[in-house]
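It should be emphasised that the depicted structure is a prediction, and the values quoted were computed from it without experimental measurement.
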Amino acid sequence: LGWPVAHSRSPAMQNAALQALGLTGWRYQLLPVPPEAFAETVRALGAAGFRGANVTIPHKEAALALATSATDRATAIGAANTLTFDAASGAVRADNTDAPGFIAALPQPPVAGSTALVLGAGGSARAVVHALLEHRVEVEVWNRTPERAVALARDLGGRAVELARPAALLVNCTAAGLEHPSSAFEGLPVTADDLSTYATVVDLVYRPGGTEFLAAAQQRGCTVVDGLQMLVHQGALSLEAWTGLPAPADIMLAAARRSSLPPTHELRSSPSATRRSPRD
């Protein structure tokens, strides 16, 4: 559920998982829904045969608000990316799998007392900050609009900053570079050369061939993680909530990668990095 949502790679990976699990009667699809129709649409999905839905921009806060119940995690973050429907009662349960999905995507769990800088203050940033604070990481938050960073820090914790400082972890939760790779650093408080001051760099955007942001980080010796990893892990948790079965994460990852290849790459079956919007 999103507006827009055509960019999403979730159908490819979720349908591959459903097939692998033998759930041939299940199907995962895109539902582009404008904000003014979101509440009405969601309330009708359970009776229409839907078991659940993932939620992306701009609906994550609205999804939490209309749910009849929510996990402590979703409530604390203030946004939901996963809804589960009970057709019999009409109940809608909200969760946020972005937070544990982000932690699972990291090469190793965050170390208590380590430092992190999070760029952005939207729904994905809120999930990332929540997850890091749960692991007792010292988190700083930057946003183009400083007031939003202040509000996030007030709601969740951490410290709003106007300048970037070196840290063990840098997480880009903005859409910089999403539409135009050459604008990967536009408006951000870091330059390509600054990335050498971070041990691990995460970009929630991904694209065929990788993002300029991560390419610059890798060239400077950083450990890099693209948004595809978080997409798969958060989607796997959603799938498990809906089906009660363990999600085949490796199959989901392969399917998401294949779906992201441009046509010329598909014809040659050549490997490629992938692109993912932080909106998903």
Side-chain angles (χ1 to χ4, degrees), residues 2-5 7-8 35 55-64 76-81 96 98-99 102 105 115-133 137-198 200-207 210-217 220 222 224-227 230-231 234 275-280:
W3 190 257
V5 75
H7 64 275
S8 176
V55 182
T56 186
I57 278 181
H59 302 316
K60 291 185 178 183
E61 292 182 4
L64 178 64
I77 293 170
N81 77 319
N96 192 309
D98 281 339
F102 168 73
T115 57
L117 172 63
V118 176
L119 306 180
S124 295
R126 293 180 70 91
V128 167
V129 170
H130 173 81
L132 291 172
L133 290 174
V137 174
E138 297 179 8
V139 181
E140 294 185 338
V141 183
W142 173 92
N143 194 66
R144 286 186 180 91
T145 304
E147 293 78 12
R148 295 194 67 197
V150 170
L152 189 156
R154 181 188 63 237
D155 293 344
L156 299 180
R159 187 167 73 94
V161 297
E162 295 188 12
L163 298 174
R165 297 194 303 174
L169 175 66
L170 172 65
V171 187
N172 178 31
C173 299
T174 77
L178 176 60
E179 300 299 334
H180 304 288
S182 60
S183 65
F185 293 91
E186 185 175 340
L188 297 183
V190 295
T191 66
D193 287 338
D194 292 332
L195 297 180
S196 62
T197 63
Y198 303 92
T200 300
V201 176
V202 182
D203 190 357
L204 298 193
V205 172
Y206 72 82
R207 60 171 57 250
T211 67
E212 292 297 319
F213 193 86
L214 286 189
R220 287 158 178 80
C222 306
V224 299
V225 180
D226 73 13
M230 179 173 167
L231 174 69
Q234 63 81 26
R275 170 182 187 259
R276 161 80 162 64
S277 164
R279 299 177 177 138
D280 209 2

(request) Quick one: pull up CG in L119 and CG in L188 and give me the separation to the nearest 0.5 Å. (result) 6.0 Å
(message) Suppose we screen for side chain to side chain donor-acceptor pair (under 3.5 Å). Which residues come up paired with R220, at least two apart in sequence or across chains?
(response) D193
(message) T145: which residues meet the side chain to side chain donor-acceptor pair (under 3.5 Å) condition with it, sequence neighbours left out?
(response) none
(message) Testing the basics here: between V137 and A116, what is the closest heavy-atom pair and its distance to 0.1 Å?
(response) CG1-CB, 3.8 Å
(message) I'd like to know if the side chain of S8 reaches the main chain of V5, judged simply by a donor and an acceptor atom lying under 3.5 Å from each other, with no hydrogens or angles considered.
(response) no
(request) Kindly indicate whether the side chain of L156, heavy atoms from C-beta on, has any atom under 4.5 Å from the side chain of V139. (result) no
(request) Might you point out which heavy atoms bring E212 and A184 nearest each other, and give the distance in Å? (result) CB-CB, 3.8 Å
Side-chain donor-acceptor distances from residues 158-167 under 3.5 Å, at least two apart:
residue	atom	partner	partner atom	Å
R159	NH2	E140	OE2	2.5
R165	NE	E140	OE2	3.2
R165	NH2	E140	OE2	2.3

(message) Suppose the criterion is salt bridge (charged side-chain N to carboxylate O under 4.0 Å, His left out): which pairs have a residue in residues 141-154, not counting sequence neighbours?
(response) none
(message) So, taking the atom named CG in L195 and the one named CG in N172, what distance separates them when rounded to the nearest 0.5 Å?
(response) 9.5 Å
(request) Give the C-alpha distance, both sets of side-chain angles, the deciding distance and a yes or no for side-chain contact (heavy atoms from CB on, under 4.5 Å) between V202 and L204. (result) CA-CA 6 Å; V202 182; L204 298 193; 4.0 Å; yes
(request) Mind checking ring pair (Phe, Tyr, Trp, His ring centres under 6.0 Å) for H130 and listing every partner two or more places apart, or none if nothing turns up? (result) none
(message) Is any side-chain heavy atom of T211 closer than 4.5 Å to one of D226?
(response) no
(message) Using every non-hydrogen atom in the two residues, find where L214 and V224 come nearest and quote the distance to one decimal.
(response) O-CG1, 3.7 Å
(message) Could you work out, with side chain to side chain contact (heavy atoms under 4.5 Å, CB included) as the rule, every residue matching A125, not counting sequence neighbours?
(response) V118, L152, C173
(message) Applying side chain to side chain donor-acceptor pair (under 3.5 Å), can you list everything that pairs with E138, at least two apart in sequence or on another chain?
(response) none
(request) Go through the steps for N81 and N96 under the test side-chain contact (heavy atoms from CB on, under 4.5 Å), then give the verdict. (result) CA-CA 5 Å; N81 77 319; N96 192 309; 3.9 Å; yes
(request) Decide yes or no for K60 and D98: does some side-chain heavy atom of the first lie under 4.5 Å from some side-chain heavy atom of the second? (result) yes
(message) Go through it in stages, so that I can follow the logic: the residues are F213 and V205, the test is side-chain contact (heavy atoms from CB on, under 4.5 Å), and I'd like the CA-CA distance, side-chain angles, deciding distance and then a yes or no.
(response) CA-CA 9 Å; F213 193 86; V205 172; over 6 Å; no
(message) Please evaluate residues F102 and V225 with respect to the criterion side-chain contact (heavy atoms from CB on, under 4.5 Å), reporting the C-alpha separation (whole Å), side-chain torsions for both, the decisive distance (0.1 Å), and the verdict.
(response) CA-CA 10 Å; F102 168 73; V225 180; over 6 Å; no
(message) Can a donor-acceptor pair be found, under 3.5 Å and without considering hydrogens, that links the side chain of N143 to the backbone of A121?
(response) yes
(request) Heavy atoms only: give me the nearest A80-V55 pair and the separation to one decimal. (result) O-CB, 3.8 Å
(message) Show the nearest heavy-atom pair for residues W142 and A149, with the distance to one decimal.
(response) C-CB, 4.3 Å
